[in-house]
Amino acid sequence: MGAVPIVECAGKLLDLSRPRVMGILNITPDSFSDGGDFLSFDSAMEQAQRMVEEGAAIIDVGGESTRPGAPAVSETEELDRVLPIIEGISHNLSVPISIDTSKPNVMRAAVAAGAGLINDVLALQTPGAVEAVADLNVPVCLMHMQGEPRTMQKNPCYGDVVSEVKSFLARRVDCCILAGIPRDHLLVDPGFGFGKTLDHNLALLRDLQEITELDLPLLVGLSRKSMIGALLDEPVNNRMFGSLAAAVLAVERGARIIRTHDVKPTVDALAVSTALFRLNNKS
Ligand code: 9MG
């Protein structure tokens, strides 16, 4: 990446001069790892505060599960889940808040409530989403997915997964810029586990540096995902160490934000790998 990016999230700064951790806060009954854990306002706020104390630079609030097969959630239900928490975090904690949604009206309401970044697993392909983000004047993370959450793991198919993901992201970047979203409001994400087999995910992790050629901050989510489970043969709650190894490998290959459930362990792992990276780049 050229200049050291500082991403402005509705007045709050996200300094990406070193790799940062995005803490996951799912206000859902059915997310694959923390589903049901933070449905009450108090438990969600406690978790947000804990993640900030542990070093999260940004909190990603989601009200609809994107795990394979998850049922769709209505706009009203999604808003009821996320808005009180976004308001609570925005009034009580100083970190930027990201809203994990693909619905333009949820994007608008979330930003009005205090969110400063849009995290869209559909890369703003929902009708009205590009226009919403252009109006809102906040940054957005564009993620790659093949298919849609309900069926995406049925038979993912690519010729060359890395170049196809890269060119999809490049097309979405062009579309955003054409709609008036400034380039310095864009982040990209290859979407580990979204319409990808284990081999596809491994190829993407190995060659992640190719995605950095888009010259935009790179966000990745690997935390407790099925690719880690498949490599370790471990259930969701036993995948933290594998997720940390993957996070370090991703940062070495240019990732700037790691989206994770396990904030403190990830912050520590990145501190060690970043120190070595700095030393290697001194001489
Ligand atoms: C919402 N969500 C679930 N997994 C994700 C990932 O890998 N990246 C991003 N940006 N969002 C995700």
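Predicted, not measured: the structure shown is a model, and the values here were computed from it. Every number for a ligand or one of its atoms is a count from 1 in the order of the listing. The basis for the numbers below is simple: all heavy atoms, side chains too, and nothing from hydrogens, waters or symmetry mates.
Ring orientation note: the planes of H200 and Y158 are nearly perpendicular, at an angle over 60° on the 30°/60° scale.
Contact shell of ligand 1 (protein heavy atoms, cutoff 4.0 Å): T66, D100, N119, V121, M143, D189, F194, L219, G221, K225, R259.
A 6.0 Å sphere centred on NZ of K12 holds more than 12 heavy atoms belonging to other residues, nucleotides or ligands.
Using a 4.0 Å cut-off between charged side-chain N and carboxylate O, E77 and R81 make a salt bridge.
Checked by atom type, the side-chain pair E210/S163 shows no donor-acceptor distance below 3.5 Å.
A 4.5 Å side-chain heavy-atom check between M45 and I89 finds at least one atom pair inside the cut-off.
Residue pairs meeting the salt bridge (Lys or Arg N to Asp or Glu O under 4.0 Å) criterion with at least one partner in residues 171-185, sequence neighbours excluded, do not occur; the list is empty.
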